[in-house]
S.K.: 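After the structure tokens below, expect a handful of questions from me.
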Amino acid sequence: MDSQVEDLHRRITRWFAGNARELPWRDAERTPWGVLVSEIMLQQTPVARVLPVWTEWLQRWPTPAGLASEPSGEAVRAWGRLGYPRRALRLHAAAKAIVEEFAGKVPSTYPELLQLPGVGDYTAAAVAAFAFGRRETVVDTNIRRVHARAVTGNALPSPSLTAAEMRLAASLLPLDTSDSVAWNASVMELGALVCTARSPRCQECPILDRCAWVAAGRPEAHYTAKGQAWAGTDRQVRGAMMAVLRSAEGPVRRELLLHAPVDLAGPELAAELDPLGTLHRLQAPQEQMERALAGLIADRLAAEDANGVSLPL
DNA sequence: GAATCGTGGGG
DNA sequence: TCCCCAAGATT
């Protein structure tokens with residue numbers, strides 16, 4: 001570990017000590033379960049939107065056993081509008097696995113965590129590091145961006161994680177376990193607050209004078225991220241249907257999901273079933289509506305019986 | 001490796 | 001307004 005790298009460690013962890021956000025899953029009172037829930041919720045979802053839902057979840061289900069004892073549909077409903085509701089389903093499945101295979105306690109090692117549904121490479125490393133204080137190579141989108149700029153000299157990392165990036169991250173990880181945990185959290189926070197994707201706050205950066213990207217004159221990114229299509233996609237239709245199912249108290253007749261609610265139910269009932277109006281405003285082809293509903297049922301995000309469609313049991 | 005999977009706030 | 005994109009995982 002040369003002095004250059006040690007200088008980076010010093011500057012970034014010092015910056016973290018004075019600038020880190022106070023987040024409940026970082027609190028001294030935190031539990032491994034709370035950390036796991038936060039990491040799943042934070043996959044592709046901003047901190048500000050996660051905070052209130054995380055608080056409700058931990059109050060309602062302070063342990064994996066609590067969540068595991070309820071129907072998966074309750075997890076999906078409590079997920080609210082965080083997006084990617086299959087994460088709620090997987091977190092529920094993870095809770096059951098923790099109860100059945102780990103005696104109700106969140107496992108503490110990377111390979112064990114990796115076995116849990118919805119836990120991939122990043123999340124397994126993050127939970128092992130932040131909940132259990134282990135030395136892991138944590139690589140998320142923030143860390144990748146900081147490395148790309150400060151070390152490699154690129155405006156943005158490549159679209160997918162490369163082996164070279166993993167090697168770089170591993171080479172930068174402090175040897176001391178405690179230092180490594182602080183380093184992971186610090187680089188991630190720097191990427192989230194200062195070294196942001198758009199309009200980075202370079203004036204606030206603790207390593208501005210050592211940033212390879214700045215030194216190179218802040219060249220443009222090599223590629224342009226292709227925007228995620230939305231209007232007219234199955235995802236849009238699935239999202240609208242899930243919003244209706246979450247707000248409904250009981251089963252919703254299939255016809256009400258496949259047609260605009262107002263057609264069959266009248267304006268009052270339509271508003272009750274679809275308070276956000278998402279499905280009402282949606283004008284997708286009937287064939288696509290059918291396909292989207294079939295997909296939700298295949299994914300176990302919805303279940304259908306003689307009474308209609310509802311969140312899963 | 002590429003495609004798929006929600007949602008809404010900020011530039 | 002429109003577009004970008006946020007602590008990824010799975011198939």
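Reminder, nothing fancy here: chain letters follow the sequence lines and each chain counts from 1.
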S.K.: Within the structure shown, what part of the strands sits under 4.0 Å from A:R21 by heavy-atom distance: base, sugar-phosphate, or nothing?
M.R.: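 Base, at least one base heavy atom under 4.0 Å.
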S.K.: Is A:V119 touching bases, backbone alone, or none of the nucleic acid, heavy atoms closer than 4.0 Å?
M.R.: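 Here A:V119 touches the backbone only, sparing every base.
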S.K.: Using the P atoms only, state how far C:dA7 lies from B:dA3, rounded to an integer number of Å.
M.R.: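 Pairwise P distance, B:dA3 against C:dA7, rounds to 23 Å.
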S.K.: Rounded off to whole Å, could you give me the CG-to-P distance for the A:L296 and B:dT4 pair?
M.R.: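 From A:L296 CG to B:dT4 P: 16 Å.
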S.K.: A:D140 CG to C:dA9 P: how many Å, rounded?
M.R.: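 The answer, rounded to whole Å, is 10 Å.
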S.K.: Would you kindly confirm whether A:V99 and A:L67 end up in one hydrophobic cluster when ILVMFWY residues are joined by side chain heavy atoms under 4.5 Å apart?
M.R.: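 Cluster IDs for A:V99 and A:L67 differ.
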S.K.: If you apply the rule side-chain hydrogen bond (donor to acceptor under 3.5 Å, both in side chains), what do you find for A:T45 with A:R87, and how did you get there?
M.R.: CA-CA 11 Å; A:T45 302; A:R87 289 183 295 165; 2.9 Å; yes
S.K.: I need the CZ-P distance between A:R291 and B:dT4, as an integer number of Å.
M.R.: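 Taking CZ of A:R291 and P of B:dT4, I get 10 Å after rounding.
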S.K.: Touch check for A:D299, heavy atoms < 4.0 angstrom, all strands: base, sugar-phosphate only, or nothing?
M.R.: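 No contact at all - A:D299 keeps every heavy atom at 4.0 Å or more from the nucleic acid.
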S.K.: Can you give me the N/O atom pairs linking the protein to nucleotides 9-11 of chain B at distances under 3.5 Å, or say none if there are none?
M.R.:
none

S.K.: C:dA9 phosphate, OP1 or OP2: any side-chain N/O from A:T123 under 4.0 angstrom?
M.R.: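 Yes, such a contact exists.
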S.K.: Kindly work out whether a path of hydrophobic side-chain contacts (I/L/V/M/F/W/Y, heavy atoms less than 4.5 Å apart) joins A:Y122 to A:L161.
M.R.: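 Result: no, two separate clusters.
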S.K.: Is A:R87 close enough to C:dA6 that one of its side-chain N or O atoms is under 4.0 Å from OP1 or OP2 there?
M.R.: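 No, A:R87 has no side-chain N/O under 4.0 Å of OP1/OP2 on C:dA6.
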S.K.: For A:R145, answer base if it contacts any base atom (sugar-phosphate contacts may also be present), sugar-phosphate if it contacts only those atoms, and nothing otherwise; contact means non-hydrogen atoms under 4.0 Å.
M.R.: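 The answer is sugar-phosphate, as A:R145 gets under 4.0 Å only of primed atoms, P, OP1 or OP2.
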S.K.: Given that A:R90 and A:N142 both sit by DNA chain C, which one's nearest nucleotide is further toward the 5' end?
M.R.: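 Taking each residue's closest nucleotide, the earlier one in sequence belongs to A:N142.
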S.K.: Got A:M188 and A:F130 here, is their nearest side-chain heavy-atom distance under 4.5 Å?
M.R.: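 A side-chain contact under 4.5 Å exists here.
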S.K.: Just so I know, are the side chains of A:L168 and A:V151 near enough to count as touching, which here means a heavy-atom distance under 4.5 Å?
M.R.: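 Yes, side chains in contact.
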S.K.: Within the 4.0 Å heavy-atom criterion, would you say A:G83 contacts the bases, only the backbone, or no part of the nucleic acid?
M.R.: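 Base contact.
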S.K.: Near DNA chain B, under 4.0 Å by heavy atom, which residues of residues 24-46 of chain A?
M.R.: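 DNA chain B contact set from residues 24-46 of chain A: A:Q44, A:T45.
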S.K.: Does A:L23 reach a base, just sugar-phosphate, or nothing at all? Heavy atoms under 4.0 Å.
M.R.: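 Base, at least one base heavy atom under 4.0 Å.
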S.K.: Does any part of the side chain of A:V35, heavy atoms only, come nearer than 4.5 Å to the side chain of A:F132, both counted from C-beta?
M.R.: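 With C-beta onward as the side chain, the pair stays apart.
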S.K.: Give the rounded distance in Å between these two atoms: CZ of A:R300 and P of C:dT11.
M.R.: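 Distance check: A:R300 CZ to C:dT11 P gives 13 Å.
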S.K.: For the pair made of OH in A:Y84 and C1' in B:dT4, what is the distance, rounded to whole Å?
M.R.: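 That distance rounds to 8 Å.
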S.K.: What is the distance, rounded to the nearest whole Å, between atom CG of A:L82 and atom P of B:dG6?
M.R.: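 The answer, rounded to whole Å, is 13 Å.
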S.K.: Measure from CD on A:E165 to P on C:dG8 and round the result to the nearest Å.
M.R.: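 Nearest whole value for this atom pair: 13 Å.
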S.K.: Just how far, in rounded Å, is C1' of B:dT7 from CD of A:Q236?
M.R.: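 These atoms are roughly 12 Å apart.
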S.K.: Heavy-atom distance under 4.5 Å between the side chains of A:E165 and A:H147, does that happen here?
M.R.: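 SC-SC contact between A:E165 and A:H147 ruled out.
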S.K.: Working to the nearest 0.5 angstrom, can you tell me the gap between A:L301 CG and A:R238 CZ?
M.R.: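 The CZ atom of A:R238 is 6.0 Å from CG of A:L301, to the nearest 0.5 Å.
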S.K.: Quick check: do A:V37 and A:W61 have side-chain heavy atoms less than 4.5 Å from each other?
M.R.: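 They are not in side-chain contact.
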S.K.: Checking contacts here: which listed nucleotide (B:dC5, C:dA6, B:dG6) is nearest the side-chain heavy atoms of A:P85?
M.R.: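 Minimum distance to the A:P85 side chain belongs to B:dG6.
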S.K.: Check whether any side-chain heavy atom of A:F102 sits under 4.5 Å from a side-chain heavy atom of A:V106, and report yes or no.
M.R.: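 Counting from C-beta outward, A:F102 and A:V106 never come under 4.5 Å.
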S.K.: If you check every side-chain atom of A:R246, which of B:dT7, B:dC5, C:dA7 has the closest atom?
M.R.: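 The nucleotide sitting nearest to the side chain is B:dT7.
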S.K.: For residues A:I98 and A:P107, determine if any side-chain heavy atom of one lies less than 4.5 Å from a side-chain heavy atom of the other.
M.R.: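 They are in contact (side-chain heavy atoms under 4.5 Å apart), so the answer is yes.
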S.K.: Contact class for A:A197 vs. all strands (heavy atom < 4.0 Å): base, sugar-phosphate, or nothing?
M.R.: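 Since only primed, P, OP1 and OP2 atoms lie under 4.0 Å of A:A197, the category is sugar-phosphate.
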S.K.: Is there a side-chain contact between A:L190 and A:F16 (heavy atoms, below 4.5 Å)?
M.R.: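 No, too far: nothing below the 4.5 Å cut-off.
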S.K.: Do any of residues 151-163 of chain A sit with a heavy atom less than 4.0 Å from DNA chain C, and if so which?
M.R.: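 By residue number: none to list.
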S.K.: Taking atom CZ of A:R60 as the centre, report whether more than 12 heavy atoms of other residues, nucleotides or ligands fall under 6.0 Å from it.
M.R.: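 Buried by this count: over 12 neighbours within 6.0 Å.
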